[in-house]
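Bear in mind the structure is a predicted one, so any value in this text is a computation, not a measurement. Reminder, nothing fancy here: chain letters follow the sequence lines and each chain counts from 1.
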2 protein chains.
Amino acid sequence: MALAEAILVCLTERPMSGYDLAKYFDASIGFFWRASHQQIYRELGRLRERELVDSQEISQSGKPNRIVHTITDKGRTAVTGWSAKPVRMPSVKDELLVKLYALETVDTKAMREQISVRLEQHQSKLSEFRRIKSRFYDGKDLNLNQKGKLIALELGIDQELFRIAGWETVLKKMTDAGV
Amino acid sequence: MALAEAILVCLTERPMSGYDLAKYFDASIGFFWRASHQQIYRELGRLRERELVDSQEISQSGKPNRIVHTITDKGRTAVTGWSAKPVRMPSVKDELLVKLYALETVDTKAMREQISVRLEQHQSKLSEFRRIKSRFYDGKDLNLNQKGKLIALELGIDQELFRIAGWETVLKKMTDAGV
DNA sequence: GGCAACATGTAACTTGTTACATGATTCC
DNA sequence: GGAATCATGTAACAAGTTACATGTTGCC
């Protein structure tokens, strides 16, 4: 259950509400471990039960109340313990690759269209990563915390570049194969 | 639910038992959509209910009986229909990237060790892919079915090469950052 | 006045993982 | 005689997805 730890890692940055966490995931750590707001709320409940976070309701006049979650010392210890444990290989699940594998059986016109869509998605992720890099990291003096995030981000950028090249090659090879 | 379709795609090749399918997944389509034997058995039950496969028990003297699943015409239609539908972006879930993102908070010695393990895993996948390519595809005349599989396999090979280079770069950048 | 975004969650369902269970055959 | 492999599954649980529910504020 790395979702728990991903949340705790975010909370080492600053205390956050479930909504803040969902936004934070979308814009950063979620590039490496995606989670929906429902998952985050459920996991926060469990983290509270295990006393890894401390949750405080803050009343706001007018607006609905915010529940702000703060990582506890027990939570910090849990993160360090987790960090030393071995990781698994990331799960492999790409329907588009299954379709490619089944090339003879599929609708190849639709398939080319789907590859184009995929290419655009990688392109927009690439732009987003580059924007974040130039905005927050380029030409700045970075501490270790920031350096870690930058290294991860640069790996993300290279990955998007690779994937764009990869799917473009696939399109060429499909053409060569006559489909 | 692409597992259903991945199974149907395998069964277009030849009728198979659940056990055969689990083996087949491990050695081919599972490179792009991993599934455990439990998932496969469960899904086969559902496919039978939906009449997309026809399941026949074959008694074997001595050995336990095999249940052989054959794709039906309805099943073939389902695959074609599925193939034209848009796909999602593959899920992103890599604990090692989360740890990299949280570099300051983690045990960096253990982290370097985990990257080394990951590198070995990619190396062994690469060898496996290359072995399959040279054994089944190199220097042969291929039909469209085989060409699709080869294109997917070559994308897999490039991906492993990219990932090896990527994690090696991360190790270098960690050294530069002093961890 | 309506719609998007803020903010929080529950419920139902599907998928994926871990552990358990059974019994035969083949190889050492 | 014991371990590995063949072959088939069930049960319990964890994780992920989709849909629903509620009420506010701020903008056009």
Side-chain angles (χ1 to χ4, degrees), chain A residues 1-7 15-27 29-30 32-50 53 55-69 82 85-95 98, chain B residues 1-7 15-27 29-30 32-50 53 55-69 82 85-95 98:
Chain A
M1 20 151 139
L3 176 56
E5 286 84 5
I7 291 174
M16 283 188 249
S17 71
Y19 192 84
D20 293 338
L21 274 164
K23 292 270 135 180
Y24 191 86
F25 260 73
D26 280 351
I29 205 170
F32 316 117
W33 195 279
R34 210 183 295 161
S36 63
H37 84 274
Q38 294 86 343
Q39 271 178 282
I40 290 169
Y41 279 111
R42 180 166 55 183
E43 198 60 47
L44 279 170
R46 281 188 271 218
L47 288 171
R48 184 168 37 209
E49 269 175 40
R50 292 164 62 201
V53 303
S55 310
Q56 297 274 43
E57 191 162 356
I58 296 178
S59 26
Q60 302 186 119
S61 50
K63 288 185 196 177
N65 294 347
R66 288 166 57 76
I67 297 168
V68 174
H69 309 272
W82 158 77
K85 280 196 286 184
V87 292
R88 323 176 152 199
M89 285 286 268
S91 77
V92 186
K93 245 152 231 299
D94 189 346
E95 233 174 322
V98 175
Chain B
M1 18 150 141
L3 176 56
E5 287 84 4
I7 290 173
M16 282 190 249
S17 70
Y19 192 85
D20 293 338
L21 275 164
K23 294 269 134 180
Y24 191 87
F25 261 72
D26 280 350
I29 206 169
F32 316 117
W33 194 279
R34 210 184 294 160
S36 63
H37 84 275
Q38 293 86 343
Q39 272 178 282
I40 291 169
Y41 280 110
R42 182 167 53 185
E43 199 60 47
L44 278 170
R46 282 187 269 216
L47 288 171
R48 183 169 35 208
E49 269 175 38
R50 291 164 62 202
V53 303
S55 309
Q56 296 274 45
E57 190 163 356
I58 295 179
S59 25
Q60 303 188 120
S61 49
K63 289 184 194 177
N65 294 347
R66 289 165 59 77
I67 297 169
V68 175
H69 310 272
W82 157 77
K85 280 196 287 184
V87 292
R88 325 177 149 195
M89 284 286 267
S91 77
V92 185
K93 249 156 228 298
D94 188 346
E95 232 173 325
V98 176

Can a side chain N or O of Tyr41(A) be found less than 4.0 Å away from OP1 or OP2 on dT8(C)? yes
Check whether any side-chain nitrogen or oxygen of Lys23(B) sits under 4.0 Å from OP1 or OP2 of dC6(D), and answer yes or no. yes
Roughly what angle, to 10°, lies between the helix axis at the start of the helix from dG1(C)-dC28(D) to dC28(C)-dG1(D) and the one at its end, five pairs per end? 30°
Taken in chain and number order and not counting sequence neighbours, the residues that satisfy salt bridge (Lys or Arg N to Asp or Glu O under 4.0 Å) with Arg46(B) are Glu43(B)
Nearest-Å distance, [atom1] ([X]) to [atom2] ([N])?
| X | N | atom1 | atom2 | answer |
| --- | --- | --- | --- | --- |
| Arg66(B) | dG23(C) | CZ | C1' | 17 Å |
| Asp20(B) | dA7(D) | CG | C1' | 9 Å |
| Tyr24(A) | dA7(C) | OH | P | 18 Å |

Going by the rule side-chain contact (heavy atoms from CB on, under 4.5 Å), which residues pair with Arg34(A) if we only count those two or more places apart in sequence or in a different chain? Met89(B), Val92(B)
side-chain contact (heavy atoms from CB on, under 4.5 Å) filter on Pro86(B), not counting sequence neighbours, yields none
Strictly distance-based, threshold 3.5 Å: is any side-chain N or O of Asp20(A) a donor or acceptor partner for the main-chain N or O of Ser17(A)? yes
Checking Tyr41(A) now: which residues fulfil ring-ring contact (aromatic ring centres under 6.0 Å, His included) with it, not counting sequence neighbours? His37(A)
When every nucleotide of nucleotides 14-21 of chain D is labelled 5' to 3' by its protein contacts under 4.0 Å (heavy atoms), B for base, S for sugar-phosphate only, - for none, what sequence of letters results? -SBBBB--
